Structures are given as C-alpha cells and as structure tokens.
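Here is the naming used below: chain letters follow the sequence lines, and residue numbers restart at 1 for every chain. The structure displayed is predicted, hence computed values, not measured ones. Any value given below was found using the heavy atoms of this structure, including those in side chains, with hydrogens, waters and symmetry copies removed.
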Amino acid sequence: MLPDLRFAFRQLAKAPGFTVVALLALSLGIAACTTVFTFYNALLVRPLPFLQDEASLVRIGSSTQQGTDSFFELSMPDFRDLRAQNTTLTDLLTTWNRTFILTGGDQPQRLLGAWITATGFDTLGVKPILGRNFVPADAAPGAPLVTLIAHHVWRQHFGGREDIVGQTVTLNGVPTEIVGVMPRGFRFPEVNDAWQPFPDDQETKPELRGAHHLPAWGRLKPGVTLEQAQAELATLGTRLAAAYPTTNAGLTFRVFNIRDDATRHFAVQMQLMLGAVIFVLLIACGNVANLLLARAATRAREIALRSALGATRGRLIRQFLVESLLLGAAGGALGLVISFWGIDAVIALITPDETPFWMQFDLDWRTFLFTAGATLAASVLFGLAPALQLSRPDLAVELKEGGRGGTASARASRLRSSLVIAQIALALVLLVGAGLTLRSFLALAATPTGIEPENVLTFRVGLPPSQFKDRSEVRAFFDRVERELAALPGVSASGFISYLPLTENNNISAFYLEGETPPASTQEAHDTHNRSVTPGALAALRIPLLKGRMFDANDHAKSPHVALVDVAFAEKFLGGVDRAVGRRFTFSVGDKEPKWNTIVGVVGNVIQLPGARRAQHQVWFPWTQSDENFVSAVLRVPGDPAAYAQNVRDAVLAARADIPIYYIEPMAKIAYRSIWRPRFFGQLFVGFAGIALFLAAIGIYGVMAYNVSQRTQEIGVRMALGAQPGTVVAMVLRQGLRLVGFGLGAGLVASWFAASLLAGSLYGISPHDPPTFAFVPLLLAAVALLACWLPSRRAVRVDPMVALRTE
Amino acid sequence: MSDSLIKLEGVTKVFLTDEVETHALSGIHLDIKQGEYVSIAGPSGCGKSTLLSILGLLDSPTDGSYILNGRPVQGLSLPERARIRNREIGFIFQSFNLIGDLTVYENVELPLTYRGMPAAERKAAVTEALEKVGMGHRAKHLPSQLSGGQQQRVAVARALAGKPAVLLADEPTGNLDSKNGDSVMQLLADLHKQGATIVMVTHDARFARHADRTIHIFDGRVVQEQVESDPTR
Ligand SMILES: Nc1ncnc2c1ncn2[C@@H]1O[C@H](COP(=O)(O)OP(=O)(O)O)[C@@H](O)[C@H]1O
Ligand SMILES: [Mg+2]
C-alpha cells in the first residue's frame, strides 16, 4: 500500500493543473454538501438539545375533524381535561408567553417570559444548573411567586453570581424569588428568558374553552406508541365535543412527535436542499472522473507496461483507487474548510434575529462522519470508472510503435461523453428547481401587502395585566403615549395596533352575521382575523378607507360597538363593498344575548402573512372599545425610521419610567422578514444551482478541450487538406452541441418529474411553470455553448504543420 | 519559363524559439516545372520538411517570394491559403495521417467535401482515385483494418482525388518496411508517368533514383542539384 501511496502522491504532484481543477471541483461539491448537512443535521438528525428521550416527547394541539392539516393550539379547559383523563401520557405541559418587566436596574428591561405548568421542565427532563425546578405547590393560589431564569439572563443581568438562587427581584412590579438558573442555551419553548409556574387559578373560566392559544406537549408512557396516544386523544375529543358542543363540536386533537412538529415548516425544503447538494457533488464527481479519464489516457502506455510486466487487474485497480482516495481526502479536507465559510454565509441569510434555542448549527461528529462518508463515496465513484476502464489495456495496441489506442480510447471517449451528458442533465434539474423557487419568491414578493411599510417605525409596549388591573390606569398610559408620539417632530401619523400585520401573530375568532341562523358551534360559524387599531395607525400604514367612515371620538367604551371590515370580508360575506356599511356581526357564538358590532366602513385588504394558505379577510375594532394591555405602535416618520428609536424610547419613558419598549423595528424590516423563508431557500437553491452550473461548464469545457487536444493531429490533417477555419470550428462545436443536446433532453425529462417535488412549496406558479422551463434550458445551453466554443477556437489555432510531424 | 509551376526566390525561414534563432532555410531558389518529379534529400534537420511545408502553404517563409501556378502566394489570408491547399496541393505524409473514425472512402472524399463538390462528382473522383492506387475493394474498411502499405496507398488516393497541381510527399516510405515502401514508390513513379508533378522528401538514395532531379540540402541551403539518368527510363 505504501508504495502505491507514494506513487499516487508523485502522480498528483506531477500534474498540478489537473490536481488543482480536480480539487476545486471536489472541494466545492463537498463544501456544499457539508454546509447543507450541518443544517440538515441540526434540524432533522441530531437529538434536540437538553430534552430527554426526544422520541417519546409529543406536541399536542387541536384540529378540525375534517382538516387533516389544520392544527391550532389548545384552550386551557381542554388542556386540563386531556391532562386529567388521558392514560397514554405521563404528563402534559403547556406554556403561555408573558412579558416580564424587570425593574431595579438603571432602565426597565423587558424579558420574554413564560408561564409553564409547574411539572413542565420535569416532563421535558431538563434540570436547572443552579437551584430547583418548579414544584406543583409553586402554582397553588397564594403561594409565593417564584421564577426560573435563563442562563444568559443570569450572566447579563445578574453578573453570573453564584448566590442568585434565593434572591428576590421585581418582575412586573411584583417581588419574586429566583429559585434557579436553567442550562446555558435552554430557552424553551423558543427564545424565552425567564419562567414562572402557570398559576392554577388562571384561565379557569369555562367560557375560555374556545380560546385556543396554549401550545401543549406531553410524554408518551413507556411502551405507548404515537398511534395509541392519537387514538386515545381522538376518543377524548369526541367525548369533549359531546359535552361542550358550542366550542368543541367538530373538533378533535392531534399529536405529533416533537421534532416533526417543530420542523414541519421546513423539513421538506431541507430534504430538497440536501438532494440538491448531492447533485452538486455528483456533478463534481463527473468532473473529477473526466479529468482522471483524460489523464489516464496519457498514462495508457505506463499502464500497459505495468500489465506487461505482470501486474494483475486487481493490482492496477488498487493503484487507481489509492490515487482517487488520496485526491478525495484532500478534496474532502479542503471542502470541510470551505464549508466553515459556507455555514457562516448561510447563517447570515437566516433573517430572524433569534432562532429557537434548539437550533444549534455547530459541527458535530455526525457532520464529520457525513463529510468523510460523502468523500469516500465520491472517491470510489469517480475513481472506479477510470480504474475499470484502464485496467483492461489493449496491450497490442498500446505497446505498438506509434500506436494510438483506437478502440480503448473510443470506449473511454464514450464514457467521458456520458459523464458530461449526466452533468448537464443534473445541472438542469438544479437550475430548474432554482428557477422555480426564485419565480415563486418573486411572485410572493410582488404580492401587494396592502400597507406601505417604508418610513414606518414600530415597537411594542404594554402594561402586564397582573400588575395593571385598573383599566383606567392602562387607558391613561396609552392616551399619554399616543399624545407623546404624535408630538414627536416630523411624525405625520401614529397610533396603535393590537398585532402588526406581516407577522406570525394573529387572532382568529368565530362569528356570524345578523340575519344568519345562529350556529350551534364555533366550527359551524365563519371565522375571521381581527385586530384593534387607532385611526392613526391605519393612516401611518396607509391602509385606505374605501367606504363609510373612520372610527372617531364618538366611538368610546360606552357607545355601541362598531367595526371596519376589509374588502375581502365585504366580498366574501356581505355581497360586496357597497353593501357592508350598517350590517352587524357578533363573536358571541352560542350566547343567548350576542354582543353585536356594527360595520361603519370598509378599508383596503391587508395581507396577514404573504403566502399563507388560509383566507386573509379581517375586521378591525376601534382601540377605544377594546381592552388590550399590549400594543404595537406605528409611526410614519420622514427619513430613516431607525433614527427615531431613541425619540420613541424617551417618549414612552416620559409617560412611565418603569415601562420599557421593545421590538423597535422599521416596518420595512418586518415586511422583509415576512418572506424570509422563501427568500432563504431561494437564495440557497440559486447558490447551489450556480455552483452546479459552474461545475457543469467546467466539465463541458474540460471534455471539449480534451477532445480538441486529442484531435490535434486529425485537425491538423484536415487543415492541411484544405478545411476552412470555420468548418473546423463547426465540426468541434457540433460534437459539443450533441452532448449538450442529449444532456438538456435528459435533464428536461428529469426536471419535469423532479419539479413535482417542489409543488408544495411554490407560491403563485405551477411546478411546470412555462417561463422557467423555457428560460432555464436556454441559459444552460448558452453557458454550455460558450464552454464548447472556447476550446473550439483552439482547434483553429492548430498548426497544420503537425500533419508533417511524426510522433 | 512559362511552364514553371513552382518558383521560389530567396526563400528564408527562421524559427524563433526561446530567443534562439534557427535558420531552417536560407536563400532557397527553386524552380519546378509542370510534370517534373523532384526529390529533396539531405541529412535530418537540414530543412527538408520546412521547405515542403512552405511549398504546401502549411507555413510561410520569413523572407523571399513564392509563386505557385503563376500566382504569388505570400500574404494571403488563412481561408485563401486553405482554399489553395485544397485545390492545388495533394499531401502524402510519412505517418499516413488517415482519420481513424472515417472509412477509406470517406478519407479520400474529405478534401473534395471541403471543396463543396457535389456528391455524384465526389463519388466518381473517389472511385477513380481508389482504383488508381489499387484500393477500390477496401473502400468500406477503416484505416485500422489495413496494413501500413495499404494505408499509404489510401493516403496517395486522397492526395490524388482532387486532381491537384502538385503532390507533396514527406518521407512517404519512412513508416513502411522495404517491400511496402518499394510498392508505394512504384505507385508514385507510375503517377509521374501519367503526368503528375511530384515533390518528394526522402533520405533514401534508392528512391531518389525515381526522380528526374534531386536537390540536396545541407543546413538550409541547396548544395547540389543532380539530374538523374535513370537507367529504367
Ligand atoms: N516549428 C519549429 N520551431 C522551431 N524550430 C523548428 C520548427 N520546425 C523545424 N524547426 C527546426 O528547423 C530545422 C529544420 O527542420 P526540418 O525542416 O523539420 O528538418 P528535416 O530536414 O529533418 O525535415 C531543424 O533544426 C528544426 O529543429
Ligand atoms: Mg523532416
């Protein structure tokens, strides 16, 4: 083996041009694979961090009985019933995100807190690194308020002091004892900073059974399968539907493995990405195999000689495999290094400021194992073809004086051509995928959102309800803030909105119209997005009033309840924009005495979230008739909204010194982020398709250049016989175009089928989108043509004198 | 000298490689008449092939003039030179230079194709040329299925097929054994008798006898011209 290795080294060093191009192709392929696998691994392979025995952890939610893909959260009454009545789960847990305002430092700090059912962390199998977990007694009415904090909060706000446990701090104006610090990086459920036990006396009112806002998890009892748990939950769902038909008729419960749930928005895309980079690697393997074949041709005589001296076929193959493994190892190592940049580049493309705690994109042994495996597989793949090819030398031909290896080289040339055809076909599949993803993203980005996000600054602020129980105090605060914001220099419009559009936040409620038969259950009622808003916020976002009137000072808490609807709502439920004003609807499904809301106007449509599949109609309630504790403020400002951050912070601090503002962001940034996922996968896809195109172009160029160099003598003879330069170029081009034609043909067929895999993730275009299928092959053909044309130019420069030379 | 086919005056060829000047040819004067059979002899490296390549318009002289068939050929464009090669010159190479992927027939047809000759005319010309060299029965064979002597006969047929003004042969027997070499030489002699103009490079004095005239070159200069008195003629 060692002499083989030494010889292999010498071979690579002897042909630096070959080695550089082969390493470039290979390391690009490996780097692409390693980069994507790092993310694939983090999301879909390696155990979720911190959580014990992930396989038995499940996510539980509500669903309509028909809608297999409908999934929404539980209500507290349903949660309590499931928890008490099930026999398949050891325990259930739920969380409810709450704003925790930490005071006592020089500025109030807003922490993303959560209530978690007291045994929740025990069920997940996570222990604090300092102090203790919650116990059920912590959640009992009257128990002293206790808090667990995340590791980074401990470090940033409490200096990482060992004696933090037992300290009392003020959260939302209430003293609470810190009983523990969770492990570093643990921020369940996603990016939380602190936790308190979910109080037993919260969310107990029976009418809350229709309020689906609590995400729930559970752990399967040992030996219980997901299917068994699902079956039992369905039974419980039927029982609850019978007991509480108004809220639960037509409802059931669904259970998923925790990871399947957490990754359901991108698992398919990740699989497609991994498939895409494996294609890239295959294309790179094609390049290396072709280079090896070309180089092997120059070594045909050496090999024939080895054979003649008695080397067996196995011995020759081993020599070749050692060489390709050596090349592979170098390419793999280089690719791994390049992938460090690739991973950073991809992380930079992930737009959200914070990713859920369980997404950790560091390399682990699985990545290294994958890279090693991919390298090994690639080496065998690209090494084997030339090895088999060459280990059967035609001794008679090769060793004959002046022999030019007619039949053996014909076989090799067919193999080289097939490799190029395969490369073109693979590249086309990737390019079509990229084209579709890009077109889908552009369609999404071009969808009108209904708002004008430029020059709008937003932030969130609120008074925690546990601390501020007096409505008039809350109202006074917001009135004051509203005035302060309006008075800021340059602000042309400003106001509040309960949740910003173009975010995942939404509020969907069941309703029916006056004149309709009151539905027996919320499932039979219509539903709609709803928000509360001030006229100033609608003006700041430039949502136009199209009919009727805007909210005004006469719409106050004591006056009849009014609402605005959007065009989509008017058209879907009211028979058009012109027939909306004056109609009434109610959310009081199942109530004997419904609270009616009178429609006073129609405003423009606003997209909730671009690409969302559910209907996007909505109603707007006047801020003055709702009682929100938290709002998003929006301000239209001249110039860069970010420049106003300090002004608005000061304005709110002027209203109350103990209330922080957070999520201070230009609306344009939120709009940009709302389509980050399709943009992200689009960018990745285009990037990898670009690499594939580059590699395929190198492949075509290499084979054509090699063909020309192999045919130097022939071309010289043809020119000596009087062939015109154009004829020679055309001859070489024709040969290349045949390969390109076959490659494009095969690639188109493959793309047609592969495109169907994308069907689920495309927006606004068909997977067989004609412009994509027309333009992308043209692009590839143009690049391929260029890659053929460059070497064909060389054919013209062949000196016809070569015809006179004898080898 | 109205029947002069090839006229070189003061032809010089200098190769510049890595700042070394090689004077491959220095002041060559040459006059070859229609129907002549000229052999060029001299030691290896003396400039024979260089001279032939200039005659064949594969290369241009550094200095001097070349008149082919009454027409000066210096300074012509690449396509023009290709056209002249195709119509006026028939090449026969030492290493045959048949194209391996083409049949015997297609090899002979090649220069005619480049000329844009209609298919029917091509067929007649190819068949005639192959008959002339005695290879008519091998038209469908690939070069690799022929012996060296047979391949060179096909190469001669290819050179003949277009009825060029002159046949240029560079060591046509260099890759052949003496029996095959003799028979190719006999073929050229026969062609000469039928009126072909031939310029042949050879270092073998035996074959030079076939020629009307032998030009001896040494170090890029013509050192001796010798008119053969061939006893067989
Ligand atoms: N393309 C070239 N570049 C540089 N030198 C050349 C070239 N072709 C021929 N020569 C040199 O010119 C001289 C004459 O060569 P050539 O005509 O091939 O000789 P021969 O008589 O053996 O056919 C030799 O010294 C040769 O090395
Ligand atoms: Mg020579």
Side-chain angles (χ1 to χ4, degrees), chain A residues 297 300 394-414 416-417 707-732 734-735 738 792-807, chain B residues 13 15 48-60 77-102 107-116 142-145 148 155 158-159 161-162 164 168-172 174-175 201:
Chain A
D394 189 337
L395 296 189
V397 174
E398 296 299 350
L399 293 179
K400 202 160 84 181
E401 196 55 43
R404 224 175 297 136
T407 50
S409 73
R411 225 184 319 132
S413 144
R414 258 197 310 282
R416 278 194 296 274
S417 299
N707 282 350
V708 169
S709 77
Q710 285 296 289
R711 295 175 72 182
T712 308
Q713 179 78 11
E714 178 205 327
I715 290 168
V717 170
R718 284 173 184 267
M719 291 177 70
L721 295 179
Q724 292 290 337
T727 316
V728 172
V729 173
M731 177 183 80
V732 175
R734 229 181 354 261
Q735 190 187 18
R738 245 170 53 97
S792 77
R793 299 284 312 151
R794 249 198 241 166
V796 189
R797 288 199 298 269
V798 168
D799 187 345
M801 295 261 291
V802 298
L804 288 180
R805 272 176 218 130
T806 49
E807 300 118 280
Chain B
K13 181 69 186 178
F15 291 110
K48 304 183 296 288
S49 292
T50 305
L51 178 57
L52 205 68
S53 70
I54 287 174
L55 292 179
L57 271 68
L58 294 179
D59 209 348
S60 340
S77 68
L78 278 180
E80 261 304 299
R81 293 166 65 85
R83 217 184 61 82
I84 293 175
R85 279 201 299 273
N86 183 260
R87 290 175 181 265
E88 313 276 359
I89 291 162
F91 278 108
I92 300 159
F93 307 102
Q94 176 177 349
S95 48
F96 326 143
N97 277 329
L98 297 180
I99 291 169
D101 298 337
L102 303 181
N107 264 290
V108 177
E109 191 185 25
L110 203 56
L112 307 180
T113 317
Y114 290 144
R115 196 181 291 190
L142 286 172
S144 56
Q145 298 164 322
R158 180 175 64 185
L168 301 179
D170 192 355
E171 312 248 12
N175 280 10
V201 167

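- A:Gly722 and B:Tyr114 make their closest contact through O-CB, 4.0 Å (heavy atoms, listed as atom of the first residue, atom of the second, distance).
- Contact annotation for A:Arg718: both backbone and side-chain heavy atoms come within less than 4.5 Å of a heavy atom of chain B.
- Put simply, of B:Leu78, B:Asp59, B:Leu52, the one with the most heavy-atom pairs under 4.5 Å next to chain A is B:Asp59.
- For the atom pair CG of A:Leu721 and CD1 of B:Ile99, the computed distance is 7.0 Å after rounding to the nearest 0.5 Å.
- A:Val717 places a side-chain heavy atom less than 4.5 Å from the side chain of B:Arg158.
- For B:Ile92, no part lies near chain A; criterion is any non-hydrogen pair under 4.5 Å.
- Proximity to chain A (any heavy atom under 4.5 Å) is shown, for B:Ser144, by neither the backbone nor the side chain.
- For the atom pair A:Gln724 CD and B:Arg115 CZ, the distance stands at 12.5 Å (nearest 0.5 Å).
- Closest approach of A:Pro725 and B:Pro79 over heavy atoms only: CD-CA, 4.4 Å.
- Between chain B and the options A:Pro800, A:Gly726, A:Ala720, A:Gly716, the largest number of non-hydrogen pairs under 4.5 Å is found for A:Ala720.
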